[in-house]
Amino acid sequence: MATSCTEYHFREIEPHWQAYWEANRSFRAELTPGKPKYYVLDMFPYPSGAGLHIGHPEGYTATDILARYQRAKGRNVLHPIGWDAFGLPAEQHAVKTGTHPATNTQANIANFRRQIKALGFSYDWDREIDTTDPRYFRWTQWIFLQLFQRGLAYVDERPVWWCPELRTVLANEEVVDGKSEVGGFPVERRNLRQWVLRITAYAERLLADLKDVDWPDSTKRMQEAWIGRSEGAELLFALPGRPEPLKVFTTRPDTLFGCTYMVLAPEHPLVDALTVPAQRAAVEAYRRAAAAKSDLERTDLAKGKSGVFTGACAVNPINGREVPIWIADYVLLGYGTGAIMAVPAHDDRDHEFAVQYGLPVIPVIAPESGEAKLPYTGAGHLVNSPGYDGLPWEDAKRRITAELAARGVAKATVNYKLRDWLFSRQRYWGEPFPIVWVSEADYARVRAAGIGPLPESPVTYVQDGVRQCALPLPAAALPLELPPVQSYLPSGNGESPLAQLPAWLEIWFNPQTGAALPAAQPCPTEGLWVRARRETNTMPQWAGSCWYYLRFLDPANPEAFASRAALDYWGSPDLYVGGAEHAVLHLLYARFWHKVLFDLGLVPEAEPFRRLFHQGIILGEDGEKMSKSRGNVVNPDTIIQSHGTDTLRLYLMFLGPLEAMKPWNPRGIEGVHRFLQKVWRECLGPDGAVAAKLSPDAAEDPALTRLLHETIRKVGDDIEALRFNTAISQMMIFANALQKAPAARTGSVRAFLQLLAPFAPHLGEELWARLGGTGSVMAAPWPAYDPALLTASEVKLVFQVNGKHRGEQLVPVGTGQEEAVALARGHAKVAPHLEGKELRRVIYVPGKILNLVVG
RNA sequence: GCCCGGGUGGUGGAAUGGCAGACACGAAGGUCUUAGAAGCCUUUGCCGCAAGGUGUGCAGGUUCGAGUCCUGUCCCGGGCACCA
């Protein structure tokens, strides 16, 4: 079965074993009830035109080692791969070339597949998925409908980047320095109709359930910060001469006596009504300036605050005092209520603003001791707050909230930074929404006919003064595929290219069957048909990656996104490895969808990823991030050609801790390559036959046997903890010892090859076969170590005098303290340091250290 | 500014509070060879001929003992960006 090379010809060996695995479907995962499973998942790649980046094989090698190790440990391993293939670059390519984005996407996938196969990963290729395949996105659409029916999707106007010159919506990454990336044209914020998912309904659970997952603490903290829970109160400030009060959110109701002015976000709906005629021009100018600002300009202005007085006042509910209302862009419409009560004595930003505009500063919190330097944001007790003076601030917070609540002008609330998720794009290359828009009257007819399920309250949108209602396609009509278009250019009015297809867009729609006919044709008379306009938005790239780990369980199922049996058996990934750049968005979105599916009883567990690990970034040789412009990009193909896949895999793992950010060093590759060549030479003679010093019953040095068992233990422990660099060190130590040994048992070397095989699987298979191993090395059960062999009869005891290392000696295990002290006194290097001194204390750690404190 | 990482030889890195520098890379010397490559042997933190001293960004502290724990500080990297 092995090749017949006499030397380590990786160019022959690696393709040979890859063909063997493929022909035998060696990595196929079968649902086997009763057999323990292990599901190890990579973050699937976006198949970019640039091909595989060296960061991909880093994470993929790590999971591949785990997958192969767990198979050897007897687990039924699911290790799949697929393509997250919707996305902006493919669309841009289509716009440029006029070819369908699918064509380019499929070419890129073919290239990625070739590259990944050349790396010898043990993926179950029968489970390959592609998010752009209608058989896949049918279920993405189906899950969206579940959200829609539960009232978790709605339509709203949201600001997006709009480029008047290009007549298109731009993504954040397409806007550079306030200009379009293509052409450098000016861009502006413009409100467009968008689908939004109600992720905020899950904020509390997304936060609370973080305690149940084995994730890096830093990632958990980032998610916590992103969700941004804060407890406080909503307070109502009366507006003289107006019926409705001004509502603000504050985390510090205790500082209410220190409120000397109010600030509204420039976009706040009350600004127009509140502005007095004399201030109108100034307010208008300020609002225009704020609206035109790019994010970058706003950031630049972070150093100085700016704002304008509206001329109006509000009444502080605690003391009836009137305070002026300003507008300023340091207050955001999207957080809280878009309005704040400013307490310049105890808030940095308010203080800066007050100083700039000469507004009064009244301290109301005093520290327990010493003088407070304003702004003072620490703990303390209340002052200048009649009726509350002397109270600790936390007590005052509760009391003031309660007392104002009793008067109906306050409500204790919890606020989140988390916003609802903008879930639509005005693009072609994404999943079409399985939604059509109908009139209110037609919606009522459909509802009356009992067709559904429909959301409890209809999702509506007012277009040109007419209310439209969103009607779902029936599940049986899925997938809704992308229609062919003439041009991938946006429509120019803010809608996707799909809006340019009148025959597809304007239809007669049968809500029962999902059937559609162009509206230009006569309306069918049989059954219920309504006049409809299709949704032209498409879903964002996140949609497909929110649930792909579930499709891997049962990728070809036409009846469900996965069968109940598959879900119950495979569950969710036991280990998920990917970059930390997804610490918030992808991982939060996927958790949200998973919890919705869990609530629907469709998945067995409440969290999708029990154990998560982030691989670190590999920097270029120059220590900078790899990028085309810097010219420091490493292509895996090059290394595979020059040194082979096994060397590349081993090197990626030897570079340093998996989670660390580390620079690429081409010279280091030689080191691991030499190691593999050494292993080859120790196994095989120059003629390619088994090396002369190996035999089944060789007189092997017990020290070598012990080292083998130590190596078995350490490599196993390190793999489980994803410490691959130290596992490789240990294998190098064994190989060095093997080289020096005059003889070794073939069985010992075969056991060693089993340890090496997950890291360097091609060489592992080749040498295993040539040393008489039966079948594939990966089918052999993982070697066990003998604990008895690991307990040595003698240990090295280190002698210290006053904490300084002075000597060492081999002593039998179980040597007592008195005996150890006697040995130290008799030690030629130690004795001089004890001479003429009084022994004051003895610290003895058996088998490790004897510290004699003298004086 | 805030949050999170991290500072250990010429380099990547190793080290449950117990011998700092495992394992590699690089370098130097040697061996083999007609010669080279590969391999093999030796050396390789710094100072010192040596004995020995010294050493984990810096300054303190806890401890019999600190790279590791604590306090302060400097530097580097990453993330967030006025969140009331």
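Convention: sequence-line order gives letters A, B, ...; per-chain numbering from 1.
Side-chain to base pairing of Lys662(A) with U11(B): no donor and acceptor N or O lie closer than 3.5 Å to each other. You'll find a donor-acceptor pair under 3.5 Å spanning the side chain of Lys796(A) and the base of C19(B), going by distance alone.
Going from the P atom of G79(B) to that of G67(B) covers 33 Å, rounded to whole Å. Nucleotides G45(B) and C40(B) have their C1' atoms positioned 26 Å apart, rounded to a whole Å. As rounded to the nearest Å, C58(B) and C75(B) have C1' atoms that lie 10 Å from one another. One P atom belongs to A15(B), the other to G65(B), and the distance between them is 25 Å to the nearest Å. Nucleotides A59(B) and U8(B) have their P atoms positioned 16 Å apart, rounded to a whole Å.
Residue contacts for Met731(A): at a heavy-atom cut-off of 4.0 Å it reaches no nucleic acid atom on any strand shown. Phe675(A) comes within 4.0 angstrom of no nucleic acid atom, judged by non-hydrogen atoms across all strands. Within 4.0 Å (heavy atoms only), Lys804(A) reaches sugar-phosphate atoms of the nucleic acid but no base atom. Note on Arg723(A): nothing from the nucleic acid sits closer than 4.0 angstrom, heavy atoms only. Residue Arg674(A) is classed as a sugar-phosphate contact, given heavy-atom separations below 4.0 Å to backbone atoms only. Among the heavy atoms of the strands lying under 4.0 Å from Lys740(A) are primed sugar atoms or P, OP1, OP2 only; no base atom is included. Nucleic acid contact for Asn736(A): sugar-phosphate only, since backbone atoms but no base atoms lie under 4.0 Å from a heavy atom of the residue. At a threshold of 4.0 angstrom between heavy atoms, the contacts of Asn725(A) are confined to the sugar-phosphate backbone, with no base atom among them.
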Give the dot-bracket line for RNA chain B from 5' end to 3' end: parentheses for intra-strand Watson-Crick or G-U pairs under 3.5 Å, square brackets for crossings, | for inter-strand pairing, dots for unpaired. (((((((..(((.....[....)))((((((.......))))))(((....)))..(((((..]....))))))))))))....
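Not a single ring pair (Phe, Tyr, Trp, His ring centres under 6.0 Å) links Phe654(A) to another residue, sequence neighbours left out.
Scanning both residues, Ile13(A) and Cys5(A), for their nearest heavy atoms gives CG1-SG, 4.0 Å.
Lys247(A) NZ: 12 or fewer foreign heavy atoms inside a 6.0 Å radius.
Taking every side-chain heavy atom of Met661(A) into account, G78(B) is the closest of G78(B), C19(B), G18(B). The side chain of Ser230(A) approaches A84(B) more closely than any other nucleotide in the set A84(B), A14(B), G5(B). Here C19(B) is the nucleotide among G5(B), G12(B), C19(B) with the atom lying nearest to any side-chain atom of His805(A). Checking C40(B), G78(B), G26(B) against the side-chain heavy atoms of Lys678(A) singles out C40(B) as nearest. The side chain of Arg681(A) lies closest to C40(B) when the candidates are G12(B), C40(B), C23(B). Closest approach to the Met222(A) side chain among G79(B), G18(B), C83(B) is made by G79(B) (side chain taken as heavy atoms from C-beta onward).
Under the 30°/60° scheme for interplanar angles, the aromatic rings of Phe353(A) and Tyr261(A) are found to lie parallel.
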Thr251(A)/Phe249(A) under side chain to side chain contact (heavy atoms under 4.5 Å, CB included): CA gap, chis, key distance, verdict: CA-CA 7 Å; Thr251(A) 55; Phe249(A) 172 75; 4.0 Å; yes
Set out, in order, the CA-CA distance, both residues' side-chain angles and the distance that settles side chain to side chain contact (heavy atoms under 4.5 Å, CB included) for Thr310(A) and Trp326(A), then state yes or no. CA-CA 5 Å; Thr310(A) 61; Trp326(A) 288 62; 5.9 Å; no
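Side chains of Asn665(A) and Tyr651(A): no donor on one and acceptor on the other come within 3.5 Å. No hydrogens or angles considered: nothing links the side chains of Asn415(A) and Ser230(A) as a donor-acceptor pair under 3.5 Å.
The residue among Asn415(A) and Val845(A) whose nearest nucleotide of RNA chain B is located toward the 5' end is Val845(A). Toward the 5' end of RNA chain B, the nearer of the two residues Asp217(A) and Gly671(A), judged by each one's closest nucleotide, is Asp217(A).
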Find every protein N or O atom lying less than 3.5 Å from an N or O atom of nucleotides 62-67 of chain B, and list the pairs.
from: C64(B); atom 1: OP1; to: Arg841(A); atom 2: NH1; distance (Å): 2.7
from: C64(B); atom 1: O2'; to: Asn851(A); atom 2: ND2; distance (Å): 3.4
from: C64(B); atom 1: O2; to: Asn851(A); atom 2: ND2; distance (Å): 2.4

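Salt bridge status for Lys397(A) with Asp254(A): absent, with no side-chain N to carboxylate O gap under 4.0 Å.
Between the CG atom of Asp350(A) and the P atom of G1(B) there is a distance of 20 Å, rounded to whole Å.
For the atom pair CG of Leu206(A) and OH of Tyr589(A), the computed distance is 11.5 Å after rounding to the nearest 0.5 Å.
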